[in-house]
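Note that the structure is predicted; figures quoted are calculated from it, not measured. Just so it is clear: chains get the letters A, B, ... in the order the sequence lines come, proteins before strands, and each one is counted from 1.
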There are 2 protein chains.
Amino acid sequence: MGIITVSREFGSGGRELAKKLAEKLGYKYFDKSIITAVSEEGKLSEGYIENALNKINDFTYTQRSSFNFYSTHQKYVTDILIMERKVIQELAKKGNCVIVGRGADVILKEEKTIDLFVYADMQAKINRCKENLSKEEVLTDKELDKKIKAIDKARQKFYLMLGQDNWGQKENYDFCINTTNANLDKLATGLASLFKSYLGEK
Amino acid sequence: MGIITVSREFGSGGRELAKKLAEKLGYKYFDKSIITAVSEEGKLSEGYIENALNKINDFTYTQRSSFNFYSTHQKYVTDILIMERKVIQELAKKGNCVIVGRGADVILKEEKTIDLFVYADMQAKINRCKENLSKEEVLTDKELDKKIKAIDKARQKFYLMLGQDNWGQKENYDFCINTTNANLDKLATGLASLFKSYLGEK
């Protein structure tokens, strides 16, 4: 029974890699879909949760006063964290899945998960972001650099909320994977081979 | 043509993993044997080079004055670095090899190498060191902890001599591999599968 968690720097292609890896392993893949599951679990509308998550991101992005934020939005945040924890634990029980983000590696610390961290050089991340921008969006490299750093900062802060202060540090993960020069499809094929050997012996 | 460089924390099993990986890929494996090659290349005796390398390690271990060391041993160090660079570049030209340590990843920066960094939790490294100690050697966990840190410090300093100040930082490597809970043989099998897919597309 394999559970693979994937944490990643924004723009590293970590989510795409995780999705391909799940396909190649025949595993279930969870990322935003967790939010839907959380919503069902918590009997709250998806809109409510999306809204709350956006508020977390806005908060961390703009670095507003944490006192203000927490006093206003504490209920949102607490609700989400409790529900997400429950849902991620339920998903993990069923096994054979790849879970992207949402601190799944922290939440499942007691399980025998394989924890990946996906990263890349800044220029590679900027280039990848550009490929994924719609034609209407025009951002300079400098703006993208700023955006990437802000989103990763938000991810670090999310980890802090889970009581973990070392997001992205290799010691937290089983494998760290640099996608700077990688072909994600071939890399996913290779990783699927690796994990087929590796699973069950950790 | 695959060239895999392996850097590693002392006690992580990185060298053993590298050796197994080379076997499974049918690649040549180089570590201390490089010294012999260096010696032949430089027309200097192996003893001379071993002696010089030990002096480097003593130096970094005991943190003696760098001024004194360099003034006395500069010729040793310069000779070795120049020769090692040449030899490693020669080995790389022939391809299909795994090279452990000696800053091969830095020396071969312009080549399409796959650079690995192997690490583990301190307790796992201490346990591994204990397994490898001879019966005559009795070291406490605390002594091993100190020894491991000192050797890794020496490796960092060796990198500094090559002009690189970020030994062990994930950004320098393609894959970082945590051996804390790993079965090295199965891990090597898995990595061999991974690199068979991955090679040639970087």
Peer 1: I'd like to know if the side chain of A:Asn178 and the backbone of B:Tyr173 have a donor-acceptor N/O pair within less than 3.5 Å.
Peer 2: yes

Peer 1: Once ring-ring contact (aromatic ring centres under 6.0 Å, His included) is applied, do any residues pair with A:Phe175, and if so which ones, sequence neighbours excluded?
Peer 2: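 So A:Phe175 forms a ring-ring contact (aromatic ring centres under 6.0 Å, His included) with A:Phe195, A:Tyr198.
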
Peer 1: By ring-ring contact (aromatic ring centres under 6.0 Å, His included), which residues pair with B:Tyr119, not counting sequence neighbours?
Peer 2: none

Peer 1: With rounding to the nearest 0.5 Å, note down the distance linking CD in A:Glu9 to CD in B:Glu171.
Peer 2: 6.5 Å

Peer 1: Which one of B:Asp121, B:Thr179, B:Ile177 has the most heavy-atom pairs closer than 4.5 Å to chain A?
Peer 2: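 Option with the greatest count: B:Ile177.
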
Peer 1: Would you say that more than 12 heavy atoms from the other residues, nucleotides or ligands in this model lie under 6.0 Å from the NZ of B:Lys24, or not?
Peer 2: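 Enclosed: over 12 neighbouring heavy atoms sit under 6.0 Å from NZ of B:Lys24.
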
Peer 1: Are the side chain of A:Lys170 and the backbone of B:Phe117 linked by a donor-acceptor contact shorter than 3.5 Å?
Peer 2: no

Peer 1: Rounded at 0.5 Å granularity, tell me how far CG in B:Leu194 sits from OG1 in A:Thr189.
Peer 2: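 The distance works out to 10.0 Å.
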
Peer 1: More than 12 foreign heavy atoms under 6.0 Å from NZ of B:Lys109: is that the case here?
Peer 2: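 For B:Lys109, atom NZ is crowded (more than 12 foreign heavy atoms under 6.0 Å).
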
